[in-house]
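In the text below, chain A, chain B and the rest are named by the order of the sequence lines, each starting its count at 1. Heavy atoms only: backbone and side chains are in, while hydrogens, waters and symmetry mates are out.
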2 protein chains.
Amino acid sequence: MANEAPHTPPRAPTLEDVAQVAGVSRATVSRVINNTRNVDPALHETVWQAVEATGYVPNRAARSLVTRRAGSVALVVSEGESRNEDDPFYSRFLGDPFFGRVLGGVLSVLNPAGVHVPLTLVGSETARTKLVGDLRQGQLDGVLVLSLHPQDPLPRLLTEARVPAVLFGRPAEPIPISYVDIAQQTASKLASEHLLARGCRTIAAIAGSLDMPAGHDRLVSFRSAMAQNGYAYVPAVEGGFTQEGGERAMTRLLAEHPDIDGVYAANDVMAQGAVHVLRDSGRRVPDDVAVIGFDDSSAAVASRPPLTTVRQPVEDMAAEMARMIMGQIDHAGARTTSVIFEPTLVVRRSA
Amino acid sequence: MANEAPHTPPRAPTLEDVAQVAGVSRATVSRVINNTRNVDPALHETVWQAVEATGYVPNRAARSLVTRRAGSVALVVSEGESRNEDDPFYSRFLGDPFFGRVLGGVLSVLNPAGVHVPLTLVGSETARTKLVGDLRQGQLDGVLVLSLHPQDPLPRLLTEARVPAVLFGRPAEPIPISYVDIAQQTASKLASEHLLARGCRTIAAIAGSLDMPAGHDRLVSFRSAMAQNGYAYVPAVEGGFTQEGGERAMTRLLAEHPDIDGVYAANDVMAQGAVHVLRDSGRRVPDDVAVIGFDDSSAAVASRPPLTTVRQPVEDMAAEMARMIMGQIDHAGARTTSVIFEPTLVVRRSA
DNA sequence: CGTCAGCCGGAGAGCGCTCTCCCCCACATT
DNA sequence: AATGTGGGGGAGAGCGCTCTCCGGCTGACG
């Protein structure tokens, strides 16, 4: 028994190997694989056979080195200053079904395209500079950003670095950066008209955090939708997007307006909290008070009664983000764009 | 205005640039940065200053090319044959808080270490070969696998390719692959003793899918824990880990054993379904029937009453996976290992 | 029949880094 | 004083790929 290469794994085949098998030059194989120029069809065929035969897989690193393209787009979950990566807050957000849907949408576009999608949590100055460094250095071709905090400096940083980036949801400050978002007016219209149509006359809102664009926009547009139907004022309490906040908000709303018969909550978990409070106060849902949530999350289905809720096409939005970032990467200097999606109302039993 | 480099971004500094600024050779700078050998402390200092001054960031691709290390570990969500990537099933799993916790745990170890964590959904033969190809080619240093299906061929494939890999949960078939898991016996002991201690005498189980290790082990170990307390037989119905399945299982259990006063469900959503059925049947939880769930997911908190549940230290387990894979990568040929974690009982109001 | 454009394949440079090899010099040893 | 020893630095090869440049061949046209 010869001791040749006793523990060396059989080195992966390179372009050179394929070239040798096919009896052509490295350059030709490269051309075939990236089909970048006309190559004689017969040779083309031979080369592919050689690729099959050798089990060749292009080496990403080598390719990146020369093309200055990493072939990866980071999905970044970004907080402002206050938090660090160990904060359970992150797990909470990552565990949110919403995040999973985003991920699914992004991967459905990027994985088939052979693009890697590294995930990063960014919650400190250090992490932020490292991210931008990676981007400038070309370790990353672009970023998809889920920015959770209105004062998050990351979006601005990214625009300043002139680096491909797309946000989920409009930025808190008006800066020139691409994003996808949902038509909050449509959502509000859907919700208000549904509530009105089923006979609600005293309607209140449980708002999300008002310093976040989503929280702010949902309340403002709901009020204006109600105004268009003749309701000059809609009482609202902020619930901070948490179930407990929803419960507190509902309690307060009930205290101030005991005759409430319709509630629009800016997300499902707050709606769920509201339902609990409503039931505990002896009211039936939807008979005495109708409740509409937002997100169509698993909470909506798990709730009793299951929640009527506004559904964002999150997967589609995320997929569009992926397409947008690829566009930006391919055409440097392209204009920043925004794509707005239409929500739908999923009618279940709570309203 | 000179038109020198009108649109060329100022090329990122390379090792060479730093070397020039520091007045040393490329090799020395490399040594300092990776501190791989003794370097004169004074020079060391000079070099770091030069790094600061130039804003140098090492080029990952170039480094990978020579070290044959990608600096990235994929997190793979793997299904068996039956599904494709567009299947909403994936979104559902990704949206599961459990997944987010895994992600959080993994990132808490790998991000600080500068390791990228690309996410991949693998649900087809093509995707599987591509993954193994990436691994062999060195685009990926290792994989962390969440295998969802008992017949999933991926774990076996990975061991055959002799590639660094760690599973969450023991493999369905006995193959030599590293994994982390939970001590199901402890979980069962905790649950059974809690139920018994609060006076339950007719106890049933709602099992998960029995072809999955988690589903199987939870039921088997629960029965043996009950047996140790003198209960020879525990009626059980499979609920497939879904809320609806939990409802159906509870309905059937109730029909066959109307005197049930304690239920152990293999996850929270089934427990939540069970609670709904129990309440609809006029029984009070926990007064008439106590219910224990598993996972300590958001469903446990959202449920009314909030669920007493078995909590796995998922973040810790995921972090350990990350450490294990790094160990495997650094010491090729290391033995496959398993690490088993102890669960705890989170007592809320349902039992 | 000569010239030239156009097409297609090969040669080879070089992307930014690591790492082996070599050399120089300071200091210890004989 | 000659030789040994080892720490610390530089030179340079080369990782696997893309892409520019070049050359040979073919066919069209004068």
With a 6.0 Å cut-off (strictly less than), is the heavy-atom count around CD of A/Gln20, excluding the residue itself, greater than 12?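 No, CD of A/Gln20 has 12 or fewer neighbouring heavy atoms, counting only those of other groups under 6.0 Å.
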
Whole Å only: how far is the [atom1] atom of [X] from the [atom2] atom of [N]?
| X | N | atom1 | atom2 | value |
| --- | --- | --- | --- | --- |
| A/Asn34 | D/dG16 | CG | P | 17 Å |
| B/Gln20 | D/dG10 | CD | C1' | 15 Å |
| B/Asn35 | C/dT18 | CG | C1' | 14 Å |
| A/Asp40 | C/dC8 | CG | C1' | 8 Å |
| B/Leu15 | C/dT18 | CG | C1' | 9 Å |
| A/Leu43 | C/dG10 | CG | C1' | 12 Å |
| A/Asp17 | D/dG16 | CG | P | 9 Å |
| B/Leu65 | D/dG14 | CG | C1' | 9 Å |

Quick check for you: to the nearest 0.5 Å, what is the distance between B/Phe99 atom CZ and A/Leu103 atom CG? 5.5 Å

Looking at [X], does any N or O in its side chain come under 4.0 Å of the phosphate oxygens OP1/OP2 on [N]?
| X | N | value |
| --- | --- | --- |
| A/Thr67 | D/dT18 | no |
| B/Asn59 | C/dC15 | no |
| A/Thr14 | D/dG16 | no |
| A/Ser30 | D/dT18 | yes |

Between A/Lys130 and A/Thr120, is a side chain to side chain contact (heavy atoms under 4.5 Å, CB included) present by the stated rule, with each step listed? CA-CA 11 Å; A/Lys130 186 163 176 309; A/Thr120 326; over 6 Å; no

Do the side chain of B/Arg31 and the base of D/dG10 come within less than 3.5 angstrom through a donor-acceptor pair of N or O atoms? yes

Donor-acceptor side-chain pairing of B/Ser147 and B/Asp152 below 3.5 angstrom: yes

Relative to the 5' end of DNA chain D, which residue comes earlier, B/Val66 or B/Thr28, by the nucleotide with the nearest heavy atom?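 Nearest-nucleotide comparison on DNA chain D picks B/Thr28.
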
Between B/Gly23 and A/Arg63, which has a closest nucleotide on DNA chain D that is more 5'?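 This one resolves to B/Gly23.
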
Between A/Ala22 and A/Ala50, the two heavy atoms sitting closest are CB-CB, 3.7 Å

Can you check whether B/Val73's main-chain N or O pairs, donor with acceptor, with B/Asp141's side chain at less than 3.5 Å? no

A/Ser25 side chain, from C-beta outward: closest of C/dC19, C/dA11, D/dC17: C/dA11

Short N-O contact, B/Asp316 and B/Arg323, less than 4.0 angstrom: no

End axis versus end axis in the helix from C/dC1-D/dG30 to C/dT30-D/dA1, the angle rounded to 10°, five pairs used at each terminus: 60°

Counting the atoms with a prime plus P, OP1 and OP2 as sugar-phosphate, which does B/Arg26 contact under 4.0 Å by heavy atoms, base, sugar-phosphate, or nothing? base

